[in-house]
Number of protein chains: 2
Amino acid sequence: MNRSLEILQELKKKGYKVTRQREAIISVLGEVEHQLLTAQEIFEKILGMGSATNFSTVYRNLEMLLQEEIIRKVELNRDAAYYELNYSGDHHHHLICKKCGSIQTTSFCPLERLGDEDGFIPVEHKFEIYGYCKECVKTDSTIDRELISKSD
Amino acid sequence: MNRSLEILQELKKKGYKVTRQREAIISVLGEVEHQLLTAQEIFEKILGMGSATNFSTVYRNLEMLLQEEIIRKVELNRDAAYYELNYSGDHHHHLICKKCGSIQTTSFCPLERLGDEDGFIPVEHKFEIYGYCKECVKTDSTIDRELISKSD
DNA sequence: ATTGTTGCAAAGTTTTTGCATTCTG
DNA sequence: CAGAATGCAAAAACTTTGCAACAAT
């Protein structure tokens, strides 16, 4: 059940060295499970654990973990990218609340319904939905259910 | 039929001033129609037209045009954002070729099929598909049609 | 011992901002 | 003429990179 150990072994098998920094990064990602974290947040959590590392190291390792498809990168906005462990068989997309910033996931994936697009072969895709979560709709009367169009 | 003029009039009506720089930006976006352009590219095209402007001006105006919903911003990757005119009734998404970089559009929109997501009210969304275009599949034998999964 | 990895500092990119100057209406 | 818009230069934010020092196998 310990995903972190599995990952470290997988990396070792592939010829990567198991360093304290790598252990820390993977451990942080494993602890938060599905929560999205920025490189900054990962960095801070490692320092908080009493471990030491450096921004370059975090970025370099995230890049490596991406290439090994151990993590997923989610680019929500122009600001920092988010990262999460890539659990197999757990493909999902995100619903981001424009008011409170909360992020929920949905297993709905549009790619399955995409028809033939002139011979284009899809490999990756991005589908993120921005709107208002149930809580914010309930508490904020300025969010008018009726006026909100699904356009754009 | 001249979208650029319409836009300028609309802006004037809203109290914005019609400057040479604004005319140039809108003219560039109008000329390329559905082609996606970065702020950089817009800037260069304006200089190429013999007109003068400045990066801040381009960015400030793109921001304004976005707020007036005259243009759309498409954030494909971590690099520069793309902009395109927002033709009403022409909601679409993009298919981006990972090999040649070509971008085609699709009118398929997943939001229509998204069921209820625990009371979440969608307002905006992003749906971009990365893969291989017909041409690249045809000419590049290393792109194996069968091996490509729709995962991620 | 070898080679991958880290830390540091510096640079790269895209985008934003403050302020004086200029221009539109 | 007043207020809006521009130009310039500088900063902000995130990410990448070169290189010497270090550590895992």
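Throughout, protein chains are lettered first and strands after them, A, B, ... in sequence-line order, and every chain is numbered starting at 1.
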Identify every side-chain donor-acceptor pair in residues 7-16 of chain A under 3.5 Å, counting partners at least two apart or on other chains, and give the distances.
from    : atom 1 : to      : atom 2 : distance (Å)
A/Lys14 : NZ     : A/Glu68 : OE1    : 2.7
A/Tyr16 : OH     : A/Glu68 : OE2    : 2.6

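Taking a 4.0 Å limit (strictly below) on heavy-atom distances, residues 13-28 of chain A reaches DNA chain D at A/Lys17, A/Val18.
We find that A/Lys98 and B/Glu124 are joined by a salt bridge, their nearest charged nitrogen and carboxylate oxygen being less than 4.0 Å apart.
Chain B approaches DNA chain D within less than 4.0 angstrom (heavy atoms of the protein), and the contacting nucleotides run 5' to 3' from D/dG3 to D/dT15.
Evaluation of the side chain to side chain donor-acceptor pair (under 3.5 Å) rule for B/Arg20 yields no partner, not counting sequence neighbours. In this structure B/Ala39 satisfies the side chain to side chain contact (heavy atoms under 4.5 Å, CB included) test together with B/Val58, B/Tyr59, B/Leu62, B/Tyr83, sequence neighbours excluded. Every residue meeting the side chain to side chain donor-acceptor pair (under 3.5 Å) condition with B/Asn54, not counting sequence neighbours, appears here in chain and number order: B/Ser56. Partners of A/Thr106 by side chain to side chain donor-acceptor pair (under 3.5 Å), not counting sequence neighbours, listed by chain and number: B/Glu117. Partners of A/His34 under the side chain to side chain contact (heavy atoms under 4.5 Å, CB included) rule, at least two apart in sequence or in another chain, are A/Tyr87, A/Asp90, A/His92. Every residue two or more places apart in sequence or in another chain that forms a ring-ring contact (aromatic ring centres under 6.0 Å, His included) with B/Phe127 is listed here: A/Phe127, B/His93. Applying the side chain to side chain contact (heavy atoms under 4.5 Å, CB included) test to B/Glu31 and every residue at least two apart in sequence or in another chain returns B/Ser27.
Here the shortest heavy-atom pairing between B/Glu75 and A/Leu76 reads OE1-O, 4.3 Å. Shortest non-hydrogen contact noted between A/Asp118 and A/Asp116 is N-OD2, 3.4 Å.
The base of C/dG7 sits within donor-acceptor range of the side chain of A/Arg60, with an N or O pair under 3.5 Å.
One N or O on the side chain of B/Glu41 and one on the backbone of B/Thr38 form a donor-acceptor pair closer than 3.5 Å.
When the side chains of ILVMFWY residues are joined at heavy-atom separations under 4.5 Å, either directly or via intervening members, B/Leu85 and B/Val28 end up in a single hydrophobic cluster.
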Measure all distances between protein nitrogen or oxygen atoms and nitrogen or oxygen atoms of nucleotides 11-16 of chain C, and list the pairs falling under 3.5 Å.
from   : atom 1 : to      : atom 2 : distance (Å)
C/dT15 : OP1    : A/Arg78 : NH1    : 3.3
C/dT15 : OP1    : B/Ala81 : N      : 3.0
C/dT15 : OP2    : B/Tyr59 : OH     : 2.3
C/dT15 : O5'    : B/Tyr59 : OH     : 3.4

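In this structure, A/Asn54 does not reach the C/dA9 phosphate: none of its side-chain N or O atoms is under 4.0 Å from OP1 or OP2.
Using five terminal pairs a side, the axes of the helix from C/dA1-D/dT25 to C/dG25-D/dC1 at its two ends make an angle of 30°, given in steps of 10 degrees.
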